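Encoded as structure tokens, the structure appears first; notes follow it.
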Amino acid sequence: VQLQASGGGLVQAGESLRLSCTASGMLYSMNTMGWFRQYPGQQRELVATITSGGTINYDGSVRGRFTISRDNAKNSVYLQMNTLKPEDTAIYYCYGAAYSDYEATYESDYWGQGTLVTVSS
């Protein structure tokens, strides 16, 4: 299973970026997909997740500024990031959870390679 993320870069505070991630190689389509971020020396933390049915969860620090969406047919998830702040600077990781056995009883977590988002003040 591979998750290929793209869209990171360097922007100024107040600007926008859109992250994209496409998953491939699963037995079944992704259940929950989402984005996490990691600051230097810290653990990965939730940014936003979205289920296959469209239920969304945001971290409070991004609610109202970031919008997560997905295209189930493409096994893709997107993160529209508006009004970016310097504290949003981090490595962003795409996440997906999918059944990894033919009986669809065991769900595995998968991660993309990470894309760097840098917001200058």
Side-chain angles (χ1 to χ4, degrees):
V1 176
Q2 287 190 327
L3 278 74
Q4 185 66 43
S6 62
L10 171 63
V11 296
Q12 292 189 335
E15 295 185 339
S16 300
L17 276 176
R18 185 174 187 255
L19 304 182
S20 300
C21 175
T22 298
S24 61
M26 306 83 64
L27 285 175
Y28 297 96
S29 296
M30 287 290 182
N31 296 325
T32 298
M33 298 189 76
W35 296 91
F36 288 67
R37 63 187 177 188
Q38 188 170 21
Y39 300 107
Q42 297 188 28
Q43 291 188 334
R44 211 168 287 184
E45 61 181 43
L46 169 75
V47 176
T49 58
I50 182 169
T51 68
S52 57
T55 299
I56 291 173
N57 182 40
Y58 291 108
D59 178 73
S61 66
V62 307
R63 190 174 292 115
R65 300 188 297 122
F66 292 9
T67 302
I68 190 170
S69 61
R70 66 185 285 173
D71 184 331
N72 290 333
K74 296 181 179 180
N75 277 306
S76 294
V77 64
Y78 310 97
L79 187 68
Q80 178 65 42
M81 304 184 293
N82 297 330
T83 319
L84 281 159
K85 303 176 180 180
E87 51 264 42
D88 294 317
T89 296
I91 298 175
Y92 285 71
Y93 292 91
C94 176
Y95 163 83
Y99 292 118
S100 55
D101 61 321
Y102 286 102
E103 294 78 14
T105 58
Y106 183 77
E107 191 174 72
S108 296
D109 295 332
Y110 302 98
W111 296 94
Q113 81 281 15
T115 184
L116 178 62
V117 172
T118 304
V119 184
S120 63
S121 58

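Please read these numbers as outputs of a predicted model, since none were measured by experiment.
Smallest separation of non-hydrogen atoms from A13 and S121: CB-CA, 4.4 Å. S100 and L27 make their closest contact through O-CD1, 3.4 Å (heavy atoms, listed as atom of the first residue, atom of the second, distance). The minimum heavy-atom distance linking L79 with A48 is given by the pair CD1-CB, 4.4 Å. When every heavy atom of L3 is checked against every heavy atom of Y110, the shortest pair comes out as CD1-CB, 3.6 Å. Across every non-hydrogen atom of V1 and M30, the tightest pair is CG1-CE, 4.1 Å.
S76 and T22 share a side-chain donor-acceptor pair at under 3.5 Å. A side-chain N or O of N82 and one of S16 form a donor-acceptor pair less than 3.5 Å apart.
Heavy-atom contacts from other residues, nucleotides or ligands closer than 6.0 Å to CD of Q43 number 12 or fewer. Counting heavy-atom neighbours within 6.0 Å of Q113 CD, excluding the residue itself, gives a total above 12.
Not a single donor-acceptor pair under 3.5 Å links the side chain of E15 to the backbone N or O of L84. Within the 3.5 Å criterion, the main-chain N or O of A23 finds no donor-acceptor partner in the side chain of N75.
Here the side chains of M81 and V119 are not in contact, with every heavy-atom distance at 4.5 Å or above.
Other members of the cluster containing L116 are F36, L46, I91, Y93, Y95, W111, with ILVMFWY side chains joined at under 4.5 Å, either directly or via other members.
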